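Not measured: the values here are computed from a predicted model. Residue numbers start from 1 in every chain, and the chains themselves are labelled A, B, ... in the order their sequence lines are given, proteins ahead of strands.
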Protein chains: 2
Amino acid sequence: MTELKNDLLLRALLRQPVERTPVWVMRQAGRYLPEYRATRAQAGDFLSLCSNPELACEVTLQPLRRFPLDAAILFSDILTVPDAMGLGLYFETGEGPRFKTPVRSAAQVRNLPDPDPETELRYVMDAVRTIRRELNGKVPLIGFTGSPWTLATYMVEGGGSKDYAHIKGMLFGEPAVLHELLEKTTRTVINYLNAQVAAGAQALMVFDTWGGSLSPANYLEFSLAYMKKIVDGVTREAEGRRVPIVLFTKNGGQWLEAIADTGCDAVGVDWTTDLSTARKLTGDRVALQGNLDPSALYASPEKIRDEVAKVLASYGKGPGHVFNLGHGIHQHVNPDHLGAMVEAVRELSPAYHD
Amino acid sequence: MTELKNDLLLRALLRQPVERTPVWVMRQAGRYLPEYRATRAQAGDFLSLCSNPELACEVTLQPLRRFPLDAAILFSDILTVPDAMGLGLYFETGEGPRFKTPVRSAAQVRNLPDPDPETELRYVMDAVRTIRRELNGKVPLIGFTGSPWTLATYMVEGGGSKDYAHIKGMLFGEPAVLHELLEKTTRTVINYLNAQVAAGAQALMVFDTWGGSLSPANYLEFSLAYMKKIVDGVTREAEGRRVPIVLFTKNGGQWLEAIADTGCDAVGVDWTTDLSTARKLTGDRVALQGNLDPSALYASPEKIRDEVAKVLASYGKGPGHVFNLGHGIHQHVNPDHLGAMVEAVRELSPAYHD
């Protein structure tokens, strides 16, 4: 493999010294970029884009051509995994993702297949390999998955949900069935992440989008316990380097200590918790990734710079911070505003490192 | 006024001794009840129902006929206030609330009228008077409002929002304009709540539905500061009794201490924070209201009883707890399941009081 020219992200995720704070943003390959919209139109639809390794590589690299970002993240969708488990993913215009066959019964859970990542999800692994080749060592590539709880939510609801009627019904009514579903999904996810690492992913991230919909006890039992199994089960070294793993629970500010206790390398922090608080809570055991309010990018470049300064100051001195938004970039943001954010991080962050 | 036969709610909100933990639920007059749906159909639509004092009274009382609840809550909508400020509230089928004239400029903010509650919102005050008469002292009546931040969010966005582009754009870009809007809305809300108390409301609740979308610093500056003005500005006594006020920020678990510091009587707690934690954080300075996951009502009556037991145990011994869901009851819940919840609270809670 080609030598990695910029390893700031990997060092920061492992709390090693860096010259400046690395920066990337969730959903950096996305609809706010006109070139992304053009490639997506060329692909036909979102799923065709995900399943075409050349085009997935193209959109992965687009934000790196515009901005001096310190990481690429695989362009894919968390729902490719349940799709590979036979649920039949499709997108209803304006409605978001849907599954043809939601999983609602013990029999359905029992019969779920365990897909082979290099077969049913080969297009993802091909995308990883293509991106690594094209990146040519410029920055590291982040692989990712949805958390078992988040995937199970979509699998049981059959799509997005406002009140989680089906999955919460299962949680309270048939917890053993839900645990079996989470167990199976976790096994599949571990294989999927390991295949991503084998194909070239250099860091891993688990997105727990819906963990914040749970009570503390249910979060620990139905979401975090399975993320810990992932942390314990995935390859943590490749190409002679540590492969850091980041856990991110949206609206998980109250559980940062417990997340840090899983043994992960880094914790994603949304914007409802100050990094100073998060750092105290996690006691410098993990790196922190975040946490500018994505809506701050609606402000002027000058104001964005002020807000970047606040986030950097909140984390404070020393290694262990990866700058990011607290959630994915909004689609109506002016790309130049992201540019202003990245520039501000590059200019202001060296003061926080020796 | 008639003597209040059941004042458990008022005593619990003031942390005074009670024989058992009082219970009511947010949105207890709502779509999960077939009789509500029938009355709403009779009214024609939601707004006609809100603006008809007799029918608003009818739906307010419906849940009390089914379940031995310890409070009634005025049936109305938080958006009647911006409607009275001239924004033109309407409901798009399947789309939720909308305003004909969103407030986006400094000039619009400057020109917002300050409605007189007994004129532009007289139908609400008539509903309060009618409900008090019909309740005839059975249980206390809770009046309510949306928080200034939550109302402003709807006013600026022109309806519900996923990414808060307009209001966050104003927050980061023109904070002085937003502060003027919040200031005006706060004045209107204080008048509105005082009129509700004059008309017969015996406790008050402020719903801060969207405060949880803010960073800690922005929450304090743009949401909590205005709720504190409400706490300071409203009538706290009527009919020779204290009128308790409850503040509830959905997803506000990280800020419970700050909320308690406003001088409110009680704090609403959603289900993402254990009451034991909330009680520690607020140091018994306030009562706590909550906090069963509304989705627990999808479970069987036996399981619901277990979950009620956990909430009661989490709060523990002594006064200062009002049992409630952590958010509004979901529309697809079987009403009998709410009955099971109320029964469990009545049966299990005396053990926690001397």
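- Contacts of A/Q331 with chain B are absent, with no heavy-atom separation under 4.5 Å from either backbone or side chain.
- Contact of B/D293 with chain A is made through the side chain alone, with heavy-atom distances under 4.5 Å.
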task = Show your working on side-chain contact (heavy atoms from CB on, under 4.5 Å) between A/W271 and B/N218 and close with a plain yes or no.
result = CA-CA 10 Å; A/W271 66 97; B/N218 288 334; over 6 Å; no

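- Looking only at heavy-atom pairs under 4.5 Å with chain A, the residue among B/A165, B/G169, B/P294 that has the most is B/A165.
- Under a 3.5 Å cut-off, the side chain of B/S300 and the backbone N or O of A/G173 do not form any donor-acceptor pair.
- The residue among B/L292, B/L297, B/T273, B/D306 with the most heavy atom pairs within less than 4.5 Å of chain A is B/T273.
- To the nearest 0.5 angstrom, A/Q254 atom CD is 7.0 Å from B/L256 atom CG.
- Interface check for chain A: of the options B/A299, B/A296, B/S213, B/A217, the most heavy-atom pairs under 4.5 Å are formed by B/A296.
- For B/E174, no part lies under 4.5 angstrom from a heavy atom of chain A.
- When each of B/G253, B/G212, B/G326 is scored by its heavy-atom pairs under 4.5 Å with chain A, the top score falls to B/G253.
- When the shell of 6.0 Å around CZ of B/R31 is examined, it contains 12 or fewer heavy atoms from other residues, nucleotides or ligands.
- Taking chain B as the reference chain and counting heavy-atom pairs below 4.5 Å, the highest number among A/M170, A/K303, A/E302 is found for A/K303.
- With a threshold of 4.5 angstrom between heavy atoms, A/D274 approaches chain B through its backbone and through its side chain.
- Interface remark: of the candidates B/F172, B/Y298, B/Y164, B/F172 forms the most heavy-atom pairs closer than 4.5 Å to chain A.
- Closest heavy-atom contact between A/T272 and B/L214: CG2-O, 3.7 Å.
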